[in-house]
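Written below as structure tokens is the structure these notes are about.
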There are 4 protein chains.
Amino acid sequence: MILKIDFESDLPIYIQLKTQIIEGIAAGVLKEGDPLPSVRQMASDLGINLHTVNKAYTFLKQDGFITVHRQKGVVINSIHGRRVNEDYLARLHKDLSSLAAEAYCRGMNEEEFKNICTELFTKFKSQSPKW
Amino acid sequence: MILKIDFESDLPIYIQLKTQIIEGIAAGVLKEGDPLPSVRQMASDLGINLHTVNKAYTFLKQDGFITVHRQKGVVINSIHGRRVNEDYLARLHKDLSSLAAEAYCRGMNEEEFKNICTELFTKFKSQSPKW
Amino acid sequence: MILKIDFESDLPIYIQLKTQIIEGIAAGVLKEGDPLPSVRQMASDLGINLHTVNKAYTFLKQDGFITVHRQKGVVINSIHGRRVNEDYLARLHKDLSSLAAEAYCRGMNEEEFKNICTELFTKFKSQSPKW
Amino acid sequence: MILKIDFESDLPIYIQLKTQIIEGIAAGVLKEGDPLPSVRQMASDLGINLHTVNKAYTFLKQDGFITVHRQKGVVINSIHGRRVNEDYLARLHKDLSSLAAEAYCRGMNEEEFKNICTELFTKFKSQSPKW
DNA sequence: GTGGTCTAGACCACG
DNA sequence: GTGGTCTAGACCACC
């Protein structure tokens, strides 16, 4: 999987990493059991510091997306490690609410907004169809 | 309109302000032409720094949500000031994509996700129905 | 509150910090709303790096013992932020089980073990009696 | 006795080994004089490194739980090899104190805590009742 | 060679 | 001045 860091972005690098890996999992590019490069490897690949990669991995581990296996290294978790819980739902609602508010304020149609949402979601679904 | 600052949130205060004002507009609590308190007033009301309020207003002005009149003070713009443009669409897609990816990874159903999205959007629509 | 780092210990410094702060809360030395020194301050007080302090604070924040208030700085949480949940209970059982096993293996009496446990617990209770 | 390694645990494998063997002794599954597999054997059984098993055995030997005979191999010691001494008591107090502190901070009742402690201890007692 | 820990020093966003 | 982020370089425990 190819990761791309935008050094100009206002988002911290470790957040970009985390997001892209989650999108990779959603898109089926990364599947259960797939290995991720070691922190050192990925850091040198991307030209960033190993601590930055480590931070991204730590968050992913915490949220159940990956686990650090003492022999296999860093591997993608099965979906069972990362269920929808209350905290997540609250966060999702808050984030979506502000996006919806701005879209509505800018005059976006209900249909348009719904279409964008479902389009993005189904894109992932069609790419990794088997869960 | 009542604004509530969460001083323990990880979001900067000025972002919270900006978001809540946009949500206020979307919910119809703030309508075209409505005045907003002056920077000083709002800062003292909320017990925060002048600069912080100023920063929020600056962003809102940039995005066309408000106008700062020397005499009338700060007022809400009409919708025409803030159309959907390319930059905004790109940003929206990126933000929604990462939210959709995480939702999908956590096993959320397509229906569920769509429902949350439309529910949040229609909530605004029903509250400020006339555009 | 006085913190003491054992640089010879096999426990990481940030764990020692975290543990001592929790014990401070349990002992009533640190109460709800009490401020903790800034990372820089505590780091220089203890002669350690600010990142190490930061790590301890991050864990404490995660577990609901403290929150970072944008104006008041770092403050001790009310008890409501840190309830007993399933994950914690599982961890507690595992830790206690191995301690109990070793105590039993070394020939410790059931009474002795129980007494040590309750004695330590009631020590905290008597020191911060009001919850 | 069946040992189970969790390769994704944050505890080192040799600690897991050591702990499980002690718990095995406490539970009466391993009794005085019982043999333990050789380093090589156990390593290949569990699919782990020789050094790792060796390290676990070394610690167990140090603490008097096992003896390594050149001919009889590794055997479980009698209880007399591993008495409660001052060092151990100090360690136990420290470990239990931090567990008790966190339990108390999370609002756990004195009764609850005592019950968990005694329950875990008596579990071992009932399984290997005769010392 | 791996991740975990610690240090040192730097810049920036925030308030 | 605060915490957040990033870098660089180092040592150690683990396997």
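Just so we're on the same page: letters track the sequence lines, and every chain starts at 1.
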Of the listed nucleotides (F:dC6, E:dG15, F:dC15), which one gets closest to any side-chain atom of A:Ile13? F:dC6
Which is true for A:Lys61 with a 4.0 Å heavy-atom rule: it touches a base, it touches only sugar-phosphate, or it touches nothing? sugar-phosphate
In whole angstrom, what separates A:Asp6's CG from F:dC6's P? 12 Å
Among E:dG15, E:dC6, E:dT7, which is the nearest nucleotide to the side chain of B:Pro12? E:dG15
Has the side chain of B:Ser98 got a donor or acceptor atom that lies under 3.5 Å from a matching backbone atom of B:Asp95? yes
Between C:Lys55 and E:dT7, does any side-chain N or O lie under 4.0 Å from OP1 or OP2? no
What is the distance, to the nearest angstrom, from the NE2 atom on A:His69 to the P atom on E:dG4? 14 Å
Given that both distances must come in under 3.5 Å, which nucleotide forms a Watson-Crick or G-U wobble pair with F:dC14? E:dG1
Between atom CZ in C:Phe7 and atom P in F:dC12, what is the gap in whole Å? 16 Å
Candidate nucleotides E:dG3, F:dT7, E:dC14, ranked by approach to the side chain of A:Val39 - the nearest: E:dG3
Give the rounded distance in Å between these two atoms: CG of C:Leu50 and C1' of F:dT5. 11 Å
Under 3.5 Å, is there a donor-acceptor pair between the side chain of C:Glu102 and the main chain of D:Ile22? no
How long is the straight-line distance from OH of A:Tyr57 back to CD1 of A:Ile21, given to the nearest 0.5 Å? 5.5 Å
Proximal nucleotide (of E:dT2, E:dG15, E:dT7) relative to the C:Asn49 side chain: E:dT7
Can you tell me the base-pairing partner of F:dA8? Count Watson-Crick or G-U wobble geometry only, both distances below 3.5 Å, and say none if there is no partner. E:dT7
Among F:dT5, F:dG3, F:dC15, the one nearest A:Arg70 by side-chain distance: F:dC15
Can you tell me how far CG of B:Leu11 sits from OG1 of B:Thr19, rounded to the nearest 0.5 angstrom? 7.0 Å
What's the closest nucleotide to the A:Arg40 side chain, out of F:dA8, F:dC15, E:dT2? E:dT2
CD1 of A:Ile15 versus C1' of F:dT5: gap in Å, rounded? 11 Å
Between C:Val53 and C:Leu17 the two heavy atoms that sit nearest each other are CA-CD1, 4.0 Å
Options F:dC15, F:dT5, E:dG4, nucleotide nearest the side-chain atoms of A:Asn54: E:dG4
5'-most contact on DNA chain F: A:Gly47 or C:Ser38, nearest heavy atom basis? C:Ser38
Between F:dC15, F:dG3, F:dA8, which nucleotide gets closest to the side-chain atoms of D:Thr52? F:dC15
State whether the distance check finds a donor on one side and an acceptor on the other, under 3.5 Å, for side chain A:His51 versus base F:dG9. yes
Strictly below 4.0 Å: does C:Tyr14 bring a side-chain N or O up to OP1 or OP2 of E:dT5? yes
Atom CG of B:Asp10 to atom C1' of F:dT2: distance rounded to whole Å? 16 Å
How close or far is atom C1' of F:dT2 from atom CE of C:Met42, stated in whole angstroms? 15 Å
Heavy atoms only, 4.0 Å cut-off, all strands: where does C:Ile48 land among base, sugar-phosphate and nothing? sugar-phosphate
Using only atom types and a distance under 3.5 Å, with no angle test, would you say the side chain of A:Glu32 pairs donor to acceptor with the backbone of A:Ile76? no
A:Leu36 CG to E:dG3 C1', in whole Å, measures 14 Å
